[in-house]
There are 2 protein chains.
Amino acid sequence: MKRPPKAPSITVSDVARQAKVSKATAARVLGGYGRVSKTVRAAVLEAAKALDYRPNELARSMTTGRSGSIGVVVGDIENPFFSLAVRGISDVARLSGINVILANSGEQVEAEKNAIRVLMAKQVDGLIVTPAQSGEIAHLVEIACSACPLALLDRALPDLDVDTVTVDDRDAALRATRILTRAGHTRIAYMTAAVLSGDFRGGESRINTSTVRERILGFLDACQEAGIERAERNIRFGSGRSETSRAAMHGLLQSPDRPTAILASDSVVALELFKTIRECGLHIPQDMSLITFHDADWTSVTTPPITVIDQPVYALGKSVAELLIRRLKGDDRPPERIILPTTIIERMSVAQVPDVITQATA
Amino acid sequence: MKRPPKAPSITVSDVARQAKVSKATAARVLGGYGRVSKTVRAAVLEAAKALDYRPNELARSMTTGRSGSIGVVVGDIENPFFSLAVRGISDVARLSGINVILANSGEQVEAEKNAIRVLMAKQVDGLIVTPAQSGEIAHLVEIACSACPLALLDRALPDLDVDTVTVDDRDAALRATRILTRAGHTRIAYMTAAVLSGDFRGGESRINTSTVRERILGFLDACQEAGIERAERNIRFGSGRSETSRAAMHGLLQSPDRPTAILASDSVVALELFKTIRECGLHIPQDMSLITFHDADWTSVTTPPITVIDQPVYALGKSVAELLIRRLKGDDRPPERIILPTTIIERMSVAQVPDVITQATA
DNA sequence: TTTTCTTGTGAGACCGGTCTCAAATGGAAA
DNA sequence: TTTCCATTTGAGACCGGTCTCACAAGAAAA
């Protein structure tokens, strides 16, 4: 823990000495600011090359106050949704010569807080966050009030008026659920990995994360439209990759009044569901219809292929990054909330409900 | 591009003034070094809290010379293989209070070089790289010679003697191919996303990336063992997600002497293949057997589920990170090359070749 | 020729920490 | 009481850049 051999790196002063000019002059040509004569510039450049000078970005950042990097905090980098969004972000960042420090919150607020603290200490110029928990946003509010621009990805926070990019969750859920109700389903479950802070019990107003709330709203809209009562009973939170959630899924699928259709909030949940449905000896779509958010690559190769809500994930990342970088450049327009449209890709995972057909013909 | 409002942050001096002690003393308690009396410590801490002091990690890094972060350069963060490995790395890093700056090379050497340059300028304490190209490693050699520890993930470089963690690629390929040969296959293709620098033509010695070379060696071993001649004809490079590679796949699958079995080098290639095989109206496993490296989550839900080589991907990331961090702490044992074992998970994507059965019964 | 302006350069402060060194304090030993 | 040593504290250099300011020299204007 003691000796980092401390490579004696080449500094501006070294170059200056070699080029026989002052440190200030060398710094000017090396840093690309101020005015220098052609001859001196050439001399300095030559000296720099000879010495193999590499600027110390840290030192530079310290004086300028800008680190040239932005922090990105996502829930779970393993979720292909986030990987893709992150690529959108980094592609944009690269174009502006900004680099990205990535942190994983594992959807834990504490980890999120910690990640943000570390990123701030590293003096990131801006922050893109996918808030893990809707209840605790004090740390985000604090950032928003500070000089460091903050942008929200995929999940809006009503109480936090900052640049935000989401998709038309409510509408997407509505349309997806409608496909289900129109196929005659009346027992429809909505499964999300999100955890509820507090208790649900029908008060969707208590759900603070826009993504979750909007989707539930859309889901309930469609259910109501179809005359399905107490649809909110079938909303399941916390359906992650954990053991408990698997057990819960099993329980749900094996109960006598199990749903005949499920809407999954992301492809990870959907995959778990897909496996569990099989394990329970059920068949998609005959015994169980399934629609999921996110057109993950595998959804088209299963048997049957899954009907999905295709979100513009890459564009989502691209847009927040653009918004944030614009802000970094000094733009001070009021915060923008961009909502990107989604499409539904109908595949083979939704079936007509038999008794509806029976009823219809009876 | 001009005015970053420059939040006037609280510094040690501010805290010192408030606590009525010298800057040095305040720094001691805030930085957690040296000796300070209980009373003074309490006073400083209180002042710090009152002022809401946050250390500037950049300034700290500048004097100490250690930035507390490591750089990770992977080929494609969207590939679940890398996402998982990266999680392994960051989990370990977090435990040591080190954070990770992630960069994507897109498997392009130039991007890789650039990413490394940026990361070095940011004074990362160490570097983990998945070398994109085997031919151009001058930039890596340079790092290896410098004071900054370098570790290689998944791909070894024979000419670069640094800490490296890979899997038993040769053996894995051998065993996988054997499954195929034992099922009677004689026309077996090996498809990798890797691009060859130069030309292949049977000289596997010219392939510098260990992963690719070892796998090919294992593949050829098994073919030879089964008496298959000129097996190297069926090695296909550059099978990425691109249009050209799809076209190539189509060509291969529709040719009259198409292979009856394929070994895919990663799950992204395998998924492309899976889709293409379907598009060509072929069926797995009757018309085409398929085995792939990496037990990606979707491989178990397809029809049929895919036989895979299960690599300990998370452990791969975990191990390199551990190696690198040990090195950061001053360990100077000679470089280690760790090879992790793989398992084969046999599912339903391999079929017996009919004419072999015929022969056997004849 | 003298004055004024422009341009190039150097000296040195500064960013926010760490860390060395010397001085001050106080208790124990002589 | 005097001497010595350990502990605590302060002053200030330093890390590697940026940037302000003053000054010198040459060009243009008077």
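Just so it is clear: chains get the letters A, B, ... in the order the sequence lines come, proteins before strands, and each one is counted from 1.
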Report summary line: From CD of A:Glu57 across to P of D:dG17 the rounded distance in Å is 10 Å
Query - First of A:Arg60 and B:Ala59 reached from the 5' end of DNA chain D, by closest nucleotide - result: B:Ala59
Query raised in the report: Checking only heavy atoms, does the side chain of B:Arg54 share a donor-acceptor pair with the base of C:dG16 at less than 3.5 Å?
Result: no
Requested in this report: Give the nucleotide from the list C:dG17, C:dC15, D:dG10 with an atom nearest to the side chain of A:Thr63.
Outcome: C:dC15
Report task. Kindly indicate whether the side chain of A:Lys23 and the base of C:dG10 share any N or O donor-acceptor pair separated by less than 3.5 Å? Result -> no
Query raised in the report: Roughly, in whole Å, what's the span from CZ in B:Arg41 to P in D:dT7?
Result: 15 Å
Query raised in the report: Any idea which heavy atoms bring B:Ala144 and B:Leu160 closest together, and the distance?
Result: CB-CD1, 3.9 Å
Query raised in the report: Counting just side-chain N and O atoms, does B:Ser37 come under 4.0 Å of either OP1 or OP2 of D:dT9?
Result: yes
Query raised in the report: Separation of A:Arg17 atom CZ from C:dG10 atom P, in whole Å?
Result: 14 Å
Query - Rounded distance (Å) that lies between atom P of C:dC15 and atom CG of A:Leu58 - result: 18 Å
Report summary line: Rounded to whole Å, the CZ-C1' distance (B:Arg28 to D:dT8) equals 8 Å
Query - Salt-bridge criterion met for A:Arg155 and A:Glu107 (N-O under 4.0 Å) - result: yes
Query raised in the report: How do B:Gly31 and A:Lys20 order along DNA chain C: which one's closest nucleotide is nearer the 5' end?
Result: A:Lys20
Requested in this report: Taking only Lys NZ, Arg NE, NH1 and NH2, and the carboxylate oxygens of Asp or Glu, determine whether A:Glu110 and A:Lys113 approach each other closer than 4.0 Å.
Outcome: yes
Query raised in the report: Does B:Ser22 put a side-chain nitrogen or oxygen below 4.0 Å from OP1 or OP2 of D:dT9?
Result: no
Report task. For A:Arg66 and D:dC19, give me the distance from atom CZ to atom C1', rounded to whole Å. Result -> 15 Å
Requested in this report: Whole angstrom is fine here: how far is it from CG in B:Asn56 over to P in C:dC15?
Outcome: 12 Å
Query - Rounded distance in Å - NZ (A:Lys122) to C1' (C:dG16) - result: 15 Å
Query raised in the report: Counting just side-chain N and O atoms, does B:Tyr33 come under 4.0 Å of either OP1 or OP2 of C:dC19?
Result: no
Requested in this report: Ignoring hydrogens and angles, tell me if any N or O in the side chain of A:Arg327 forms a donor-acceptor pair with the backbone of A:Arg333 under 3.5 Å.
Outcome: yes
Report task. For the pair B:Lys329 and B:Asp331, find out whether any cationic side-chain nitrogen is under 4.0 Å from an anionic carboxylate oxygen. Result -> no
Query raised in the report: Hey, does the side chain of A:Arg35 come within less than 4.0 Å of C:dG8's phosphate (OP1/OP2), counting only N and O?
Result: yes
